[in-house]
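Single-structure report; data block below.
Keep in mind that this is a model prediction, so the values were computed, not measured. Every number for a ligand or one of its atoms is a count from 1 in the order of the listing. We use all heavy atoms of the structure for the numbers below, so side chains are in, but hydrogens, waters and symmetry mates are not.
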Amino acid sequence: MKILVINCGSSSLKYQLLDMTNEGVMAKGLVERIGIEGSKLTQKVEGRDKYIVEKPLANHQEAIQLVIDALIDEKNGVIKSMDEIAAVGHRVVHGGEKYAESVIIDDSVMKALNECVKLAPLHNPPNITGIEACRALMPNVPMVAVFDTAFHQTMPKESYIYALPYELYEKYGVRRYGFHGTSHKYVSQEAAKMIGKDIKDLKLVVCHLGNGASITAVKNGKSFDTSMGFTPLEGLVMGTRSGDLDPAVVTYLMKQLNISADEMDNILNKKSGILGISGVSSDFRDVEDEMNAGHERCKLALDIFHYRVRKYIGSYVAAMDGIDALIFTAGLGENSPETREEVCNGLGALGIKIEKSKNNFKGRREDISAVDSKVKVFVIPTDEELMIARDTLNLVK
Ligand code: ADP
């Protein structure tokens, strides 16, 4: 069975076609600048040159038509006809409280997705546009929505309720939702396989450290707590996001700088984090390079980043009363030995110790725990597309 996975942004669209008989990626690609001048599709198939199509694309429907054309292209494609696509899995950022699992899309689901727009005004609309475009082009193909928030719907109330007047939760849905759920779910399932135990018997802490970063306590296979909250702004220090902050800082700065809520939001989401502290870049590689060249605020930015990750790990070990494995994933977690070393440095009291000689690599699955580490430490490259395809397969087969 072949499954198409679609991750639709406001002006871009990522896709993968997977053959679920062996979970192999047949083709993957990116459509950029949808609705803007200079639209372009780039498709990669292993062992072949990149296939690039430059063509004006007025909207997402035209973009998805181009994806289908590229997949069935006689010379550059990987399938003979669209009929080979058995189902489509869509990444959807916010499922609110309604969706704790992936779901087959029908009209009632579309209605519910539209109701979640107020919770994710930037992300859900392009996801919905992508689904609508696919449904129009492939009316007989089953489609599944896989939510970034779904995995975290198992959190207990003490993890997700803010200490605000309770009616603000009831009336406005102000609570912690958590994000990156598809990644945390995939990585924790894979970690259980590496340990060789049932995930229901394990306590795991998953560090998804990329430009956006979050950390999740996975207890008995379920998300027990996670660092992102009502929005992806809460929690760790990120490329451009502040993470945790005294909320009084927000009102104080709005008054001092005489700025609007949108301007404050922009500072917190786009100008803070590693970029804000270092003043240099939001890209961790740039900041590491500058630190090595003696830039003090770059060192400070990274020190704060690592310290916050360590504090979260400690608090999640306390929250679960134990930990069997700590897992690193995403851009930094997979590719930065320095980050993994700095984070684990000082966690000896929790029984977490890595073997330095095993840690010096990028981008592959590995056990990096020291022989005398009580806790396993793994690097597991995340694969959200595969998780989406697995969920899609399970629902449609
Ligand atoms: P997102 O999906 O949130 O945009 P990614 O998971 O792709 O982010 O991670 C991107 C981040 O990973 C970049 O900011 C980059 O700094 C960091 N990164 C990637 N490779 C390395 C590396 N070799 N060393 C340090 N940081 C890296």
Side-chain angles (χ1 to χ4, degrees), residues 5-16 28 30 32 44 91-93 120 122-123 126-127 146 148-149 178-187 190 206-216 226-228 231-243 269-293 295 298-299 301-306 308-309 327-345 354 359-366 368 379-388:
V5 174
I6 300 272
N7 180 355
C8 207
S10 57
S11 67
S12 70
L13 182 165
K14 287 190 222 154
Y15 67 95
Q16 278 193 16
K28 59 168 130 180
L30 170 70
E32 296 165 277
K44 290 184 204 160
R91 178 191 181 216
V92 179
V93 170
L122 293 180
H123 294 103
N127 299 157
V146 180
D148 254 23
T149 49
F179 297 88
H180 289 148
T182 310
S183 174
H184 288 292
K185 181 178 171 186
Y186 171 79
V187 168
E190 295 303 305
V206 181
C207 304
H208 177 112
L209 308 179
N211 197 24
S214 70
I215 172 164
T216 297
T226 192
S227 60
M228 284 178 169
T231 74
L233 182 57
E234 190 179 339
L236 302 176
V237 176
M238 307 179 214
T240 59
R241 297 184 202 135
S242 65
N269 277 292
K270 303 268 171 67
K271 295 189 171 163
S272 299
I274 293 294
L275 171 67
I277 304 168
S278 71
V280 168
S281 171
S282 64
D283 192 296
F284 284 80
R285 282 163 292 198
D286 299 341
V287 177
E288 271 180 24
D289 290 347
E290 286 294 322
M291 176 189 77
N292 292 333
H295 196 295
C298 284
K299 179 172 182 333
L302 293 173
D303 285 347
I304 295 171
F305 173 80
H306 298 137
R308 180 103 35 110
V309 179
I327 305 112
F328 289 98
T329 193
L332 274 166
E334 293 166 25
N335 298 310
S336 171
E338 294 82 6
T339 300
R340 298 189 294 253
E341 188 179 333
E342 288 294 334
V343 167
C344 292
N345 212 349
I354 63 167
N359 182 39
N360 199 13
F361 66 90
K362 280 184 192 181
R364 60 168 197 264
R365 186 178 288 212
E366 204 74 66
I368 59 168
V379 179
I380 302 179
T382 193
D383 196 339
E384 287 159 285
E385 288 77 12
L386 177 56
M387 194 72 245
I388 292 172

Side chains of Y15 and V5 in contact at under 4.5 Å (non-hydrogen atoms)
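When only atoms from C-beta onward are counted, V5 and Y15 do not touch, as no gap falls below 4.5 Å.
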Does a side-chain heavy-atom distance below 4.5 Å link R308 with S227?
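Not touching, per the 4.5 Å side-chain cut-off.
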Taking the six-membered ring for Trp, are H180 and H208 parallel (under 30°), tilted (30 to 60°) or perpendicular (over 60°)?
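Correct class here is parallel.
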Side-chain (H295) to main-chain (M291) donor-acceptor, under 3.5 angstrom:
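Checking the backbone N and O of M291 against the side chain of H295, no donor-acceptor pair under 3.5 Å is found.
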Results of salt bridge (charged side-chain N to carboxylate O under 4.0 Å, His left out) for D303 - residues two or more places apart only:
K299
Kindly confirm or rule out a cation-pi arrangement of R365 over F328, judged by NZ or CZ under 6.0 Å from the six-membered ring centre and within 45° of its axis?
no
Every residue of the protein that comes under 4.0 Å of ligand 1, judged on heavy atoms:
G210, N211, G212, D283, F284, R285, E288, A330, G331, L332, N335, S336, K362
